Structure formats: structure tokens, C-alpha cells
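Everything numeric here is computed off the predicted structure, so don't read it as measured data. In what follows, every chain begins at residue 1, and chains take the letters A, B, ... in the order their sequences are listed.
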Amino acid sequence: MTAIASPMPSQQYRSAVGHDLTMGGIVKSEWVKLRSLRSTWWCGGLIFALTFGFGLLVALGLMERRRQELAEGLVSGMTAPDFTVLTANNGLTMLGQMVAVVFGALAVTGEYSSGSIRSTLAAAPRRGQVLVAKVIATLVFTALVGTVSIVATSAAIAALLEAAGQSNGIGPDAFALGAGGVYYLVVSALIGIGLGFILRSGAGAIAAGIALLFVVPMVLAFGSGNEVIAYILELTPWQASQLMTAVAPSEVAQIGSGEWVLGGYWGGAACLAAWAAAALIPARIIFRRRDA
Amino acid sequence: MIQVEGLTKRFGHKLAVDHLSFTVEPGRVTGFLGPNGSGKSTTMRMIMGLDRPTAGRSAVDGRAFVDAKAPLREVGALLDAKAANPNRSGRAHLSALAATHGIGRRRVDQVIAMAGLGGVIGKRVKTYSLGMNQRLGIAAALLGDPANVILDEPVNGLDPEGVVWVRQLAKALAAEGRTVFISSHLMAEMALTADQLIVIGRGRLIAKSSVSELLAASSAVATRVRSPQAGHIAAALASRDVIVTAEGPDTLLVSGLSVEAIGQAAAQRGWVIYELVPVTASLEEAYMKLTDTAVEYRSAAPIPQGAGK
């Protein structure tokens with residue numbers, strides 16, 4: 001009996017389109033995904049509107065009070081040299097964090113609820129790459145939205161001050177404070193991504209995100225008479241962010257950094273980075289292990 | 001080429017896939033057949049790296065899919081009609097996938113046209129019918145011009161025209177030298193589409209053969225004879241090689257003798273014949289017979305016809 005070759009085609013079929021999978025390609029894909037959802041633009045628009053609206057509201061209120069105090073001779077002028085960005089940061093951080101954590105969570109849980117995670121992983125089966133690409137795309141988007149929001153709001157507040165015959169309130173720490181606000185917005189979104197991968201459910205991830213960013217600091221504040229609780233409170237994302245967004249670094253230099261557990265601006269930045277890592281590292285492990 | 005070796009998946013106490021081994025060869029359409037819940041989708045999901053096998057492994061063109069250099073160009077898969085975000089347009093869904101591998105707009109337009117989605121591609125996926133969703137999934141599967149195509153129940157929700165389209169598409173893809181692996185719970189559909197069959201039930205391999213082999217192996221070909229002299233005929237025909245069974249008072253089922261031979265005998269001996277019909281087991285029956293002991297869900301009792309009218 002002679003061996004008969006199995007009727008296999010002599011050569012392997014070769015695809016004629018595209019090229020190998022690249023990290024850049026996956027990031028681009030995640031960017032296209034963000035861009036093509038209306039919710040992305042709603043979230044971006046909401047962050048802008050809240051920052052701008054709340055910033056102006058607070059600025060007008062403070063200016064009114066200051067006018068009264070000036071009239072009563074209580075103060076001699078604008079006290080904080082960085083009035084403008086400190087005021088603009090209010091809306092960006094306090095309200096923007098909520099939108100950002102929801103945005104980050106939905107970027108992930110939307111993939112699970114719609115089933116599009118299967119398409120995503122069919123195109124890019126290595127999950128670590130998908131997670132990193134999602135982090136990069138979300139980071140770029142929230143950083144852009146945050147920057148536009150803080151710059152526009154600061155410009156509007158500066159214009160209001162100048163119209164009232166005051167200095168524009170842009171002090172030496174304006175850039176650091178603005179960057180701090182944007183940084184916190186990005187960290188909030190990344191915490192949302194992490195929680196999204198860990199919990200997979202939109203409602204669950206949003207609830208957990210808002211609890212961590214908003215409810216926990218509020219509850220702990222009630223017990224801050226206790227030294228240990230006060231210590232823990234300072235390590236929460238919100239309190240850590242205050243060192244970057246609500247206290248001018250030059251002011252810290254004056255009072256001395258011993259006032260805070262984290263010791264000022266860069267301590268706050270490191271603490272927030274640790275929070276982002278604390279959400280993303282378990283997310284990475286769970287995403288790799290669990291069936292999609 | 002898709003290879004599966006000892007693939008096993010356990011969900012809690014339930015063994016969804018049980019030591020499954022097979023090879024899907026390029027150049028032909030291989031049907032993956034089994035009742036609902038028999039482990040077809042889980043097997044395909046494990047091949048795609050979506051589910052982690054409890055044991056065993058799978059490979060596409062010699063390596064695990066997750067290690068592919070260009071996943072979309074190596075494997076195109078439709079695993080579920082719902083694999084696109086409903087709030088995104090069909091075009092954005094395809095563009096996002098295309099971006100991963102630097103696939104150009106021209107190819108995206110090509111698969112849109114091929115799937116017949118030109119009219120709806122700019123609309124959000126939530127407005128699509130099940131059939132359009134299915135077409136979008138097939139367009140996505142073919143985006144990378146892949147060497148291997150995996151389609152899980154691709155004809156679900158398609159209109160008759162769509163069913164014919166998938167059938168012809170599968171054959172055309174195989175004719176180009178690609179590996180085409182299609183699952184279905186419908187034997188009749190697979191008989192028209194596939195060349196090779198892999199049949200599973202309760203996660204276990206039941207049969208691996210060509211469509212014609214399966215039919216030949218399982219079909220007990222017999223002849224139905226109806227005659228007032230049934231008893232007489234039965235006595236005359238029965239022998240060591242011929243088995244005669246009574247189906248009714250005047251009806252016999254004769255196997256081991258051709259229809260022609262029975263007709264000849266009847267003419268020679270002057271038997272009165274009312275009916276002489278060759279009986280072949282249909283593919284559907286062959287399939288039922290194969291998976292008989294391996295059906296996970298069975299309807300309890302047939303609903304009486306006309307009930308509720």
C-alpha cells in the first residue's frame with residue numbers, strides 16, 4: 001500500500017490586508033471606540049459645563065463677599081494670589097470626579113454588557129495590552145477635557161476679576177494647581193476603569209467609585225476628631241487631591257509640610273498614583289484570569 | 001487549521017466540554033454539530049482564548065490563538081450576534097476593530113458591501129434587527145481576510161436569502177484554501193453547507209466523519225412492502241441475510257434485499273403489492289440517533305396539534 005498525501009492545500013492561506021497587531025493599533029482602536037460613543041461626548045461636555053458653571057458661581061460669590069469685606073475695611077485686597085485657578089478647580093475636582101469615575105467605569109462595563117468585549121479580544125487577545133490601551137485612551141481623553149475645562153474657566157474668572165478692577169488672580173502656582181486638578185480628574189477615571197474590570201457591572205462599579213471618592217471621605221470626616229481616623233482620612237483620594245488642587249505649593253512652603261501626612265503637592269500626587277494602581281493592578285489580575 | 005487536544009471545561013459541577021480532540025482542516029467547510037447546550041460555543045470560546053480550558057489545549061495554525069502575531073488576519077470569528085456596542089454605529093464598530101491591525105477604510109467598505117449592510121452601517125447598532133446584527137458579526141469576522149473562519153450558529157436570525165448567502169460564503173471561503181469551522185444545531189443546514197462533520201453531545205465527541213459517511217453509517221436502508229399477503233411474503237423472503245419485520249397487519253419492512261429484487265420476486269410469484277417503497281433514514285434521523293443519549297434538554301411531551309385554536 002502506498003501512502004497517500006492528505007488532500008491539503010499546498011500552501012497556507014495568507015491574509016492580504018493589514019499588518020501585525022501592534023500596541024499603537026490597540027490604543028488607536030480604543031480611541032475610536034471612545035470617540036464613537038455619544039456618552040463620551042456627554043461626559044466630556046458635562047465635565048466642562050460643571051467646571052465652568054461651578055467655577056464661575058463660586059468666583060462670583062467670593063468676589064461679592066470680598067467686595068463687602070473691602071467696603072467694611074476688613075481686608076485690603078485679594079488674599080490668595082492664586083484665587084483664579086483655586087476657584088476654577090472646585091467644579092473640576094468636586095463635580096468632575098463623579099463624571100470621570102462614571103466615564104472610566106462605563107468604558108469597561110459597557111464592553112461586558114454589550115458583549116463587545118468578545119470582538120475586542122478577538123482582535124487583541126492579550127488582555128494586558130487591552131487594559132493598558134484602555135487606560136491610555138481614557139487618560140488622554142480626560143486630560144484633554146480637564147485641560148480645556150480648567151483653562152476656559154480660569155480665563156473666564158480672570159476676565160471677571162479684571163472687569164471688577166482687580167488683578168487677574170493668576171499667581172505663581174497657577175500651572176501646578178491646574179495640573180493637579182487635571183491629574184485628579186484622570187486618576188478618578190482610572191479608578192473607574194479598575195473598578196469596571198473588577199466588578200464588570202456598570203451599576204456596581206459606579207456605586208463603588210462614588211463611595212470611594214465621595215462617601216468615604218465624607219463619613220470619615222465625622223470621625224476626624226480621632227487621630228487614626230484623621231490619618232486615614234488624609235490618605236483618601238479626595239483629601240490627597242486637595243494637596244494638589246486646593247493648597248498652593250508656595251503656601252505649603254510657608255507653613256511647612258509637617259501639617260500634612262503626605263507632605264504637600266508631590267505627596268498628594270504619589271498617594272493618588274497609588275490609588276490608581278490599587279484599582280488597576282487587581283483589575284489586571286482579574287481580567288487575565290476570568291473568562292470573558 | 002484548527003487543532004483541539006483533550007479540551008475540557010468545567011463550570012462548577014457541570015462538565016461542559018469533556019476531553020474533546022479534533023482537527024479542522026483547511027480547504028473545506030467543517031460543521032460542528034450538536035444539540036443546544038452540548039458545548040459547541042464553549043469549545044469555540046476556548047479556541048478564541050475567551051474561556052480558559054480546565055484541561056487540554058487548542059491551536060490555530062500551530063499555536064495558541066492568544067499568541068497570534070496578527071489575530072484578526074489569522075482567525076475571524078463570529079461568536080455571538082451581540083458582540084457590538086448598541087450605542088455605536090456599525091461602521092465605528094468595524095473601524096475600531098480595523099484600527100488594531102492597520103486595516104484600511106477600503107477593506108472596511110469591502111466587508112460592509114459584502115455583508116449587504118450599506119444602508120444601515122451609519123446607524124447605531126441598537127436599531128439593527130437580529131439578522132443585521134448577524135451580518136455585522138460576519139463582516140467583522142472577515143475584516144482581516146483571515147486564514148481561519150469560526151462561525152457560531154451564523155444562520156440564526158437570518159432570512160432565507162441570508163441563509164443561502166452564508167452557505168455560499170462558507171463554501172467560497174473554503175475553496176480559497178481557508179479553514180472554515182461552523183457550528184449549528186441544525187443537521188439539515190449542515191448537510192447543505194459542510195463537507196466534514198464533527199458531532200458532539202454533552203461535551204463529548206460523538207462522530208467525526210464526512211457528511212456522506214455519516215449518512216451511510218447510520219441509515220438502515222430498507223423497503224416497505226404493503227400487501228394483503230404480508231404473512232406469506234414474510235415467510236418467503238426471510239433468510240439469513242434478509243430481515244423482515246412486521247410494521248402492521250399488512251405492512252412489512254424488509255432489509256437486506258433491494259427494491260428491485262423484491263419487485264422481481266413479487267412478479268414471479270404473483271403477489272399482490274399495494275405499496276413498495278424504499279426507506280432511507282434521513283440525515284436528521286441519523287443525527288437524532290447519534291445524539292440520542294446525549295441530549296441535555298428534551299421537550300417533555302409534544303404539544304397536540306391544533307391545541308389552543
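Between the CG atom of B:Leu143 and the OG atom of A:Ser119 there is a distance of 10.5 Å, given to the nearest 0.5 Å. Expressed to the nearest 0.5 Å, how far CG of B:Leu142 lies from OG of A:Ser15 amounts to 11.0 Å.
Here B:Ala99 is the residue among B:Gly104, B:Ala140, B:Ala99 with the most heavy-atom pairs under 4.5 Å with chain A. Taking A:Leu37, A:Ile117, A:Thr120 one by one and counting their heavy-atom pairs under 4.5 Å with chain B, the maximum is reached by A:Leu37. Note on A:Ala124, A:Gly24, A:Ala16: by heavy-atom pairs under 4.5 Å with chain B, the leading option is A:Ala16. Contact count against chain A (heavy-atom pairs under 4.5 Å) is highest for B:Arg88 among B:Gln110, B:Arg124, B:Lys69, B:Arg88. With chain A as the partner, the residue from B:Pro86, B:Gly49, B:Ala96 showing the most heavy-atom pairs under 4.5 Å is B:Ala96. The candidate with the highest count of non-hydrogen atom pairs below 4.5 Å against chain A, out of B:Lys82, B:Met46, B:Arg106, B:Glu74, is B:Lys82.
Between A:Ala122 and B:Pro71 the shortest heavy-atom distance is O-CB, 3.7 Å. Across all non-hydrogen atoms, the minimal contact from B:Ala70 to A:Asp20 is CB-OD1, 3.5 Å. Here the shortest heavy-atom pairing between A:Gly18 and B:Ile103 reads CA-CG1, 3.8 Å.
When the shell of 6.0 Å around CZ of B:Arg57 is examined, it contains 12 or fewer heavy atoms from other residues, nucleotides or ligands. Around atom OH of A:Tyr112, more than 12 heavy atoms belonging to other residues, nucleotides or ligands sit under 6.0 Å away. The environment of B:Phe11 atom CZ is dense: over 12 non-hydrogen atoms of other residues, nucleotides or ligands sit within 6.0 angstrom. No more than 12 heavy atoms of other residues, nucleotides or ligands shown are found within 6.0 angstrom of NZ on A:Lys28.
Judged purely by atom type and a 3.5 angstrom limit, A:Ser29 has no side-chain atom pairing as donor or acceptor with the backbone of B:Thr100. A donor-acceptor distance shorter than 3.5 angstrom exists from the side chain of A:Arg126 to the backbone of B:Ala68, with no hydrogens or angles considered. When atom types are taken as modelled, the side chain of A:Arg38 and the backbone of B:Asn87 share no donor-acceptor pair closer than 3.5 angstrom.
A:Asp291 has a carboxylate O that lies under 4.0 Å from a charged side-chain N of B:Lys9, or vice versa, which qualifies the two as a salt bridge.
No side-chain heavy atom of B:Asn85 sits under 4.5 Å from any side-chain heavy atom of A:Glu111. Using a 4.5 Å cut-off on side-chain heavy atoms (C-beta onward), A:Arg118 and B:Met48 make no contact.
Residue B:Arg91 does not touch chain A at all, counting heavy-atom pairs closer than 4.5 Å. With a 4.5 angstrom heavy-atom cutoff, A:Arg35 does not touch chain B via any of its atoms. For chain A, the nearby parts of B:Arg52 are the backbone and the side chain; heavy atoms of each come within less than 4.5 Å. Proximity to chain A is limited to the side chain of B:Arg45, based on heavy atoms less than 4.5 angstrom apart.
Partner A:Leu121 forms a side-chain contact (heavy atoms from CB on, under 4.5 Å) with one of B:Leu79, B:Leu50, B:Val66 and no other, that one being B:Leu50. When the options B:Thr179, B:Asn148, B:Asp145 are evaluated for a side chain to side chain donor-acceptor pair (under 3.5 Å) with A:Tyr13, the one that passes is B:Asp145. Remark: of the listed residues A:Leu21, A:Ile26, A:Thr22, A:Leu21 is the sole one forming a side-chain contact (heavy atoms from CB on, under 4.5 Å) with B:His101.
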